Amino acid sequence: MNELPAPSLLAATAATAAVTPARPRIGVALGSGSARGWSHIGVLHALDEAGLSPDIICGTSIGAFVGAAAASGELTKLEHWVRSLTWKGVLGFFDVSLTGGLLKGEKIIQFFSEHFIDRDIHTLPVSFACVATDLANGREIWFRDGSVADAVRASMALPGLFAPKYLHGRWLVDGGLVNPVPVSLCRALGADIVVAVDLGADRVGPQYRNVMSQRTSRAPGGSLGQRLTSAVRQWMGRDGSGDDSGTGGNPADPNDPVPSRSVLPPQPPMLDVVSLSINIMQSRIASSRLAGEPADLVVAPRLHNLGLMDYHRGAEAIDTGRDAMHRLLPMLRETIESYV
């Protein structure tokens, strides 16, 4: 027969339990950033390997996509798929449409539903939520129940690229328009410590220079955004032979203080214009939101060389995300230890 400890030992055990707090609940806010979002996979793996798996995962746009897979216990499966992607494979997921957006976005969500189990958000092993934007009034919409696939599809409906998602009587678009790094949502779900992954810290200036360098050099291949722009032009019956680069016209007059059209640099491709514009907007919004709703730790993988549509460069993004999180693990442990 098992014996109970002596009353004095029971009291000591109870007192020890009372003064030994449980580990604070860790939340991870996975930010928007299109192809750069594959770095979230590396960040989450680094946390798992350190024994600091998050209790709460919130995401916006691509952060919602990766976060949903992680909360479903499918992160390793997602990583294997992402590392296998080629640019031709990525193009295969694009269902071109000029109604509401360049792409319908249904193929990628169908793939997600078939390979990464679609279920009700409430049933996920890890607490999960994601952000979308109501197109009618700009309100921030939080998904904390309902279909995972529907919520992710709404959250990643990047304006101009993916068509909006009609759900619950609303047309919904990318959550990055209002909350690019959803720290506030993590707090609302009960996170004590929030790790924010901001993919826009170094995007604006360096990415512009990278895009224009590729455009000026006329390097073969180019970014996936450039390839997709070319494919769309061909689909629309324009082979790209016309002069839309901003060059051409009469030779420049060296005495003319105003440069003529012939010396203007080439225009960036259509999707790169969209990408650069969205980067500027989301970078400014994220900076403002993080200032008013600060995270306990901000991870900022350096991925300015990845374009909007460079989903085929997943291995590079994942490794960069893992390295960025590893460098900040000592700081995270200090934050956890000092939590009261």
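Just so we're clear, the structure is a prediction, and the values are computed from it rather than from any experiment.
Taking hydrophobic clusters as Ile, Leu, Val, Met, Phe, Trp and Tyr residues chained together by side-chain heavy-atom distances below 4.5 Å, I121 shares a cluster with F65. A single hydrophobic cluster is not seen to contain both V181 and L303; linkage of ILVMFWY side chains at heavy-atom distances under 4.5 Å, directly or through other members, places them apart. A single hydrophobic cluster is not seen to contain both L290 and L30; linkage of ILVMFWY side chains at heavy-atom distances under 4.5 Å, directly or through other members, places them apart. Cluster annotation: V131 is not connected to V298 through the hydrophobic network of ILVMFWY side chains, with a link wherever side-chain heavy atoms come within less than 4.5 Å.
The distance from the CG atom of L328 to the CG atom of L297 is 5.0 Å, given to the nearest 0.5 Å. In this structure, CE on M325 lies 11.5 Å from CG on D323, to the nearest 0.5 angstrom. Taking CG from L47 and CZ from R322, the interatomic distance works out to 11.0 Å, rounded to the nearest 0.5 Å. Atom CH2 of residue W81 and atom CD1 of residue I41 lie 9.0 Å apart, to the nearest 0.5 angstrom. Note that CG of L306 and OH of Y311 are 10.5 Å apart. Values are rounded to the nearest 0.5 Å. We find the NE2-CD distance between H326 and E49 to be 5.0 Å, quoted to the nearest 0.5 Å.
A 4.5 Å side-chain heavy-atom check between D198 and V299 finds every atom pair outside the cut-off. Side-chain contact between C58 and L189: present, with at least one pair of heavy atoms (C-beta onward) separated by less than 4.5 Å. Contact annotation: the side chain of L172 never approaches that of L135 to less than 4.5 Å [non-hydrogen atoms, C-beta and beyond]. In this structure the side chain of L167 never reaches within 4.5 angstrom of the side chain of R153, judged on heavy atoms. You'll find the side chain of L52 reaches within 4.5 Å of the side chain of R333, heavy atoms only.
Listed for the H45 side chain is no donor-acceptor partner under 3.5 Å among the backbone atoms of G321. Counting only distance, with no hydrogens or angles, the side chain of R144 and the backbone of A129 share no donor-acceptor pair below 3.5 Å. In this structure a side-chain-to-backbone donor-acceptor pair under 3.5 Å is missing from S127 to I56. At distances below 3.5 Å, not a single donor-acceptor pair connects side-chain atoms of S155 with backbone N or O atoms of A151. Judged purely by atom type and a 3.5 angstrom limit, R83 has no side-chain atom pairing as donor or acceptor with the backbone of L78. Listed for the S39 side chain is no donor-acceptor partner under 3.5 Å among the backbone atoms of T320. Listed for the D296 side chain is a donor-acceptor partner under 3.5 Å among the backbone atoms of V194. At distances below 3.5 Å, at least one donor-acceptor pair connects side-chain atoms of D55 with backbone N or O atoms of I26. At distances below 3.5 Å, not a single donor-acceptor pair connects side-chain atoms of S288 with backbone N or O atoms of I285.
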query = Should V197 and V28 be marked as a side chain to side chain contact (heavy atoms under 4.5 Å, CB included) after you check the CA-CA gap, both sets of side-chain angles, and the distance that decides it?
reply = CA-CA 8 Å; V197 186; V28 177; 4.3 Å; yes
query = What's the verdict on side chain to side chain donor-acceptor pair (under 3.5 Å) for S184 and R289, showing C-alpha distance, side-chain angles and the deciding distance?
reply = CA-CA 9 Å; S184 56; R289 297 281 312 236; 3.3 Å; yes
ask   = Passes side chain to side chain donor-acceptor pair (under 3.5 Å), N179 versus T60? Steps please.
value = CA-CA 7 Å; N179 198 350; T60 296; 5.5 Å; no
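Annotation for V148 and A68: closest pair CG1-CB, 3.6 Å, computed over non-hydrogen atoms. Nearest heavy atoms, V183 versus P294: CG1-O, 4.0 Å. Shown here for I62 and W38, the closest heavy-atom pair between the two residues is CD1-CZ3, 3.9 Å. Minimum interatomic distance between A132 and V178 (heavy atoms only, all atoms of both residues): O-CG2, 4.3 Å. Closest approach of S53 and D48 over heavy atoms only: OG-OD1, 2.6 Å. Annotation for P164 and W171: closest pair O-CZ3, 3.6 Å, computed over non-hydrogen atoms.
Using a 3.5 Å distance cut-off with no hydrogens or angles, the side chains of E140 and W142 do pair a donor with an acceptor.
Residues meeting the side-chain hydrogen bond (donor to acceptor under 3.5 Å, both in side chains) test with S287, sequence neighbours left out: none.
Ion pair D310/R313 flagged as a salt bridge, since at least one NZ, NE, NH1 or NH2 atom sits closer than 4.0 Å to an Asp/Glu carboxylate oxygen. Salt bridge annotation for R23-D192: absent, with no cationic side-chain nitrogen under 4.0 angstrom from a carboxylate oxygen.
Ring geometry, H168 versus F143: the interplanar angle falls from 30° to 60°, so the pair is classed tilted.
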